[in-house]
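The next block holds one structure in the form of structure tokens; read it before the comments.
First listed ligand is number 1; within each ligand, the first listed atom is number 1. Predicted model only: the values in this text are computed from it and were never measured. Worth knowing before you read on, the calculation uses all heavy atoms, side chains too, and leaves out hydrogens, waters and symmetry mates.
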Amino acid sequence: MTQTPRHYHITTFGCQMNKADSEQMAGILEKMGFQWSDDPNQADLILYNTCTIRDNAEQKVYSYLGLQARRKQENPNLTLILSGCVAQQEGEKLLQRIPELDLVMGPQHTNRLENLLEDVFNGNQVVATESRHITENITQPRRESTVTAWVNVIYGCNERCTYCVVPNVRGVEQSRTPVSIKKEVADLATQGYKEITLLGQNIDAYGRDLPGSTETGRHLYNFTDLLYFLHDVPGIERFRFATSHPRYFTERLIQACAQLDKVCKYFHIPFQSGDNDILKSMGRGYTIERYREIIDKIREYMPDAAISADVIVGFPGESEQQFQNTLKLVEEIGFDQLNSAAYSPRPGTPAAHWSDQLSFEIKSDRLQRINHLINTKAAHRSQLRLGQIEKVLVEQVNLKDPSQVMGRTDGNRLTFFAGDINQLKGKVVSVKITATRPFSLTGDLV
Ligand code: SAH
Ligand code: SF4
Ligand code: F3S
């Protein structure tokens, strides 16, 4: 008897790690015979891969889930899965809140999806949130792009920033071995991928848990070594990496980035606040002077480097003056891109219990003010590109104008220009910039 194929749909919230995890889980589902459905309402299996970094991210998933839970009441064959960081944070409690759920699984269980589903298809409601060592996965992820790919190099985070849920939901640091990372990169090159983004919540921590590392703080194998090790994989034209922590960012890494021509001159180094007392209460472990030093060093070695970062406004106790210090830093550094967020108290984090929380009004006012400045500075950084020739890796057609293609510059700016995607996809081409916007560029192929 032939079975009609079952369809699946995944909705992904949150960061690049979640996106990478979703691609893994899609790969597993396809290996099991499921087929992708764009429309969740046509799917027999729905997976929400969730984020809990801020309250609004968490709440979003409940409204999505509510709809599908109602659908399940009419269609008991529908399989409902909640994965990712909300799943890890809430665990069993989710089954009380949404009894229609079949499977609740934390991020460390990503590559166990097939086993967990077997349990579900045997009629069980399954919760998988215990911490575990992540073993290498042999399933091919189903990747969104055929040009750029994410590769995890380290899972988890051992920092204890006082606002952040990530260590609670992603567990302790676990570095993959250099050899298995290189194998994945080489396989991607064989499949025609051109750009690799290496991922870690604190990528500078890479290697410190690997055997052979010392406990004296000097590690035998670190992220800089990994960059040198991966650089010669033939076929790969670009490497990017994220996220860097200012506490561990070294001059040796800066030198390596300057020296290795496949490494994009683009750095994502969140500073979170421009005020030393706030940084201290955030538990970040560096000062603003140190942060400036890093940026100065990067610009000394690579004057054209693009810098991006994350910042939080309205942290508990942040005074207007301290917020001004953040604005001052943004003004002086002039980021190419800056992700801003109003502080959101998170369960299980120290800062959520402090009494000096700021009002919603103050937080949103500061967010608006900083966003205005971010736009102005990014527009200025973009304008510097006007008339320049940029190397662009072409990724896909411009969805808003099919006569154009879309790619990214070395500095990670989206760039649009007239051209045929069939000829240009996956190629690095020279584009003369003719128009700029804060976060994107337009140009002509030269
Ligand atoms: N590992 C990265 C960031 C991970 S979370 C780092 O250390 O920088 C992504 C971003 O979300 C953070 O950089 C921070 O700016 C923001 N963020 C994290 N927790 C938050 C909270 N409780 N409220 C508001 N923004 C938060
Ligand atoms: Fe969160 Fe800090 Fe770890 Fe980044 S370094 S994930 S902000 S705890
Ligand atoms: Fe969100 Fe989890 Fe990433 S909380 S930002 S999806 S690590």
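Ring geometry for Phe335 versus Phe271: interplanar angle under 30°, hence parallel rather than tilted (30 to 60°). Between Phe121 and Phe34, the angle of the ring planes stays under 30°, which puts this pair in the parallel group of the 30/60° scheme.
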Full working for ring pair (Phe, Tyr, Trp, His ring centres under 6.0 Å) between Tyr286 and Phe249: CA-CA 11 Å; Tyr286 54 86; Phe249 209 90; over 10 Å; no

Output, in order, the C-alpha distance, side-chain angles, deciding distance and verdict of ring pair (Phe, Tyr, Trp, His ring centres under 6.0 Å) for His245 and Tyr248. CA-CA 6 Å; His245 196 306; Tyr248 305 102; 5.6 Å; yes

Please determine whether ring pair (Phe, Tyr, Trp, His ring centres under 6.0 Å) holds for the pair Phe241 and Tyr266, giving the CA-CA distance in whole Å, both sets of side-chain angles, and the decisive distance to 0.1 Å. CA-CA 9 Å; Phe241 57 89; Tyr266 166 76; 8.8 Å; no

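With a cut-off of 2.8 Å, the protein N/O/S atoms near atom 2 (Fe) of ligand 2 add up to 1.
For ligand 2, the atoms closer than 4.0 angstrom to any heavy atom of Tyr163 are 7 (S).
In this structure Phe267 satisfies the ring pair (Phe, Tyr, Trp, His ring centres under 6.0 Å) test with no other residue, sequence neighbours excluded.
A salt bridge links Asp304 with Arg385: at least one charged nitrogen is closer than 4.0 Å to a carboxylate oxygen. Between Asp336 and Arg413 there is a salt bridge, with a side-chain nitrogen of the basic residue lying less than 4.0 Å from a carboxylate oxygen of the acidic one. Electrostatic pairing of Arg252 and Asp225 counts as a salt bridge here, judged by a charged N lying under 4.0 Å from a carboxylate O. One finds a salt bridge joining Arg143 and Glu184 here, because a Lys/Arg side-chain nitrogen approaches an Asp/Glu carboxylate oxygen to under 4.0 Å. Glu144 and Lys19 are not joined by a salt bridge, as no carboxylate oxygen comes within less than 4.0 angstrom of a charged side-chain nitrogen. Under the 4.0 Å criterion applied to side-chain N and carboxylate O atoms, Arg240 and Asp410 are not assigned as salt-bridge partners. Ion pairing between Arg366 and Glu318 holds under the 4.0 Å rule for side-chain N and carboxylate O.
Between the side chains of Asp38 and Trp36, at least one donor-acceptor pair of N or O atoms lies under 3.5 Å.
Summary of contacts: the protein heavy atom closest to atom 4 (S) of ligand 3 is Thr52 N, 3.3 Å.
Below the 2.8 Å limit, atom 3 (Fe) of ligand 3 has as protein N, O or S neighbours Cys15 SG.
Using a heavy-atom distance under 4.0 Å as the criterion, the protein contacts of ligand 1 are Ile53, Arg54, Tyr163, Gln201, Thr243, Pro270, Gln272, Arg284, Asp310, Ile312, Ala341, Ala342, Tyr343, Ser344, Arg346.
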